[in-house]
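A short worksheet on the structure shown next.
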Amino acid sequence: MTATSDQFRDILETEENVHMGNLIDIARHGIPSKVRGEVWKYLLGISKPDKAEEAKRERQQTQDYNNIDKSCSTEIVKSIKNQITRTYSKYEFFQQPSVQNRIVEIISAYTNYAHDVEYNSSMISLIGPLVYSLKKDSEIFWCFEALMKKIEQHFSEDSLPDKMSRLMMYIRFVHSELANHFEEEELSLNDWSMSWLKYLFSRELPLECVLRLWDTYFSDGFDLHIYVCIAILVNCAEELQELEISELKGLLQHLPVMDMDLIISQAYNICEEIRAHNI
């Protein structure tokens, strides 16, 4: 059961130190929208538990962000805004010019700050939940930078091709009929699983589902992610088995609203089952 905003504030508004263990314990079960942004800052390491240093640290983060070059080409600005409109076409919040301009500025700052990184369209779906949940541009920037580092670290431990191979093996173990259907329809893993694994469902799931899912990911890490992939497939299996390849691709790339509490619970159970069989 998701804790209330007041229960989160009891932890966040302590005078000396935020108890991270207690915060993580309740955050993994979902965070109310009123406090999500503030909690995410702690979970991503942008805010530190020591409250005595909080104001000084926030001032420094704001100053550091303000000092970053935010210039980019007219072509990139147009590309970012077009991608925002496509990615979040159903969300009025993201159609606001002021919001789009903020995203352009933060993405530009990030690509200038991380010198070896160039803009790509996946950044829009990854930064969207942060923009939706946090208020200050500097906070969004540093949370986005932390998120990108965590994703990079996640794939440094286990490469994307290895994860794709594991995913197919797990599908066959958990739902062999669905695996056989994918093979009969000649559905390639490259058609859908690469995006699922790399971008944490930020492209495929409705925003409200991504927000809930990321509450758990930011609390417990990304190791659960591959099992969430399996849980989603299991929940969609009946419909997927009725579809031909073009329709399969469409559903896998545009997933419906789901009960994410149920999906996450099933993912933990699938993880335990797979580990019990040493797969």
Side-chain angles (χ1 to χ4, degrees), residues 2 5 8 12 27 30-44 46-47 58-59 61-114 117-148 150-151 195 198-215 217-218 253-258 260:
T2 303
S5 297
F8 276 96
L12 295 170
I31 305 169
S33 58
K34 289 182 179 180
V35 294
R36 176 173 278 121
E38 191 173 354
V39 175
W40 276 9
K41 286 191 295 177
Y42 282 98
L43 298 179
L44 289 168
I46 304 309
S47 294
E58 286 184 2
R59 285 195 300 271
Q61 288 174 346
T62 301
Q63 181 180 334
D64 290 345
Y65 174 72
N66 289 340
N67 290 336
I68 297 172
D69 177 20
K70 301 173 184 65
S71 62
C72 67
S73 69
T74 303
E75 182 181 351
I76 293 295
V77 171
K78 183 178 179 181
S79 178
I80 292 174
K81 289 187 175 182
N82 287 340
Q83 188 62 41
I84 295 168
T85 300
R86 285 194 296 270
T87 302
Y88 294 109
S89 59
K90 297 179 180 179
Y91 298 93
E92 185 177 340
F93 173 82
F94 289 99
Q95 307 311 313
Q96 300 175 63
S98 60
V99 172
Q100 294 196 1
N101 289 335
R102 292 174 67 201
I103 293 175
V104 167
E105 185 173 282
I106 296 166
I107 292 288
S108 300
Y110 177 73
T111 55
N112 289 328
Y113 177 80
V117 174
E118 294 183 356
Y119 165 73
N120 67 77
S121 60
S122 66
M123 291 180 179
I124 302 304
S125 58
L126 288 169
I127 202 171
L130 300 173
V131 175
Y132 192 78
S133 302
L134 292 149
K135 294 179 180 179
K136 293 176 59 178
D137 288 4
S138 58
E139 294 173 343
I140 297 167
F141 173 83
W142 292 115
C143 283
F144 182 63
E145 194 258 349
L147 173 60
M148 297 299 277
K150 286 180 179 293
I151 292 173
S195 176
K198 285 182 71 175
Y199 306 125
L200 310 177
F201 287 113
S202 62
R203 287 180 161 185
E204 292 81 17
L205 280 171
L207 178 62
E208 56 267 35
C209 296
V210 176
L211 295 171
R212 171 61 192 93
L213 182 61
W214 284 14
D215 291 342
Y217 285 175
F218 292 169
Q253 292 168 2
H254 302 282
L255 294 165
V257 172
M258 298 183 180
M260 295 313 296

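Throughout, residue positions are numbered sequentially from 1 according to the sequence presented.
Scanning for side chain to side chain contact (heavy atoms under 4.5 Å, CB included) contacts around Gln61 gives Ile46, Arg57, Trp142, with sequence neighbours left out. With sequence neighbours excluded, the residues satisfying side chain to side chain contact (heavy atoms under 4.5 Å, CB included) with Thr87 are Gln83, Ile124, Ser125. Qualifying ring pair (Phe, Tyr, Trp, His ring centres under 6.0 Å) partners for Phe8, counting only residues two or more places apart in sequence or in other chains: none. Ser5 meets the side chain to side chain contact (heavy atoms under 4.5 Å, CB included) test with Pro32, Lys34, Val35; sequence neighbours excluded. In this view, Tyr42 satisfies the ring pair (Phe, Tyr, Trp, His ring centres under 6.0 Å) rule with no residue, not counting sequence neighbours. Legend: residues meeting side-chain hydrogen bond (donor to acceptor under 3.5 Å, both in side chains) with Asn112, ordered by chain and number and at least two apart, are absent.
A donor-acceptor pair is defined here as one N or O able to donate and one able to accept, closer than 3.5 Å; such a pair exists between the side chain of Lys70 and the backbone of Ile68. Judged by distance alone, with hydrogens and angles left aside, the side-chain atoms of Ser79 form no donor-acceptor pair with the main-chain N or O of Glu75 at under 3.5 Å. For the pair Glu105 (side chain) and Arg102 (backbone), a donor-acceptor distance under 3.5 Å is absent. Distance alone, capped at 3.5 Å, is enough to place a donor-acceptor pair between the Trp214 side chain and the Leu200 backbone.
In this structure the side chain of Val210 never reaches within 4.5 angstrom of the side chain of Met260, judged on heavy atoms. Looking only at side-chain heavy atoms (C-beta outward), Val117 and Met148 stay at 4.5 Å or farther from each other. Proximity of Gln100 to Val104: side-chain heavy atoms (C-beta onward) are nowhere separated by under 4.5 Å.
Between Phe141 and Tyr65, the angle of the ring planes lies from 30° to 60°, which puts this pair in the tilted group.
Side-chain contact, Tyr91 with Glu208: a donor N or O sits under 3.5 Å from an acceptor N or O. Between the side chains of Glu204 and Ser195, at least one donor-acceptor pair of N or O atoms lies under 3.5 Å.
One distance of note links CG of Leu134 with NZ of Lys41; it measures 7.0 Å at 0.5 Å rounding. Note that OG of Ser47 is 14.0 Å distant from CH2 of Trp40, once rounded to the nearest 0.5 Å. The OG1 atom of Thr111 sits 7.0 Å away from atom CD1 of Ile80, with the distance rounded to the nearest 0.5 Å. Atoms CG and OH, on Asp64 and Tyr113 in that order, are 7.5 Å from each other to the nearest 0.5 Å.
Counting heavy-atom neighbours within 6.0 Å of Tyr132 OH, excluding the residue itself, gives a total of 12 or less.
Taking every heavy atom of both residues into account, Cys72 and Ser108 meet most closely at SG-OG, 3.0 Å. Between Gln95 and Tyr88, the shortest heavy-atom contact is NE2-O, 2.5 Å.
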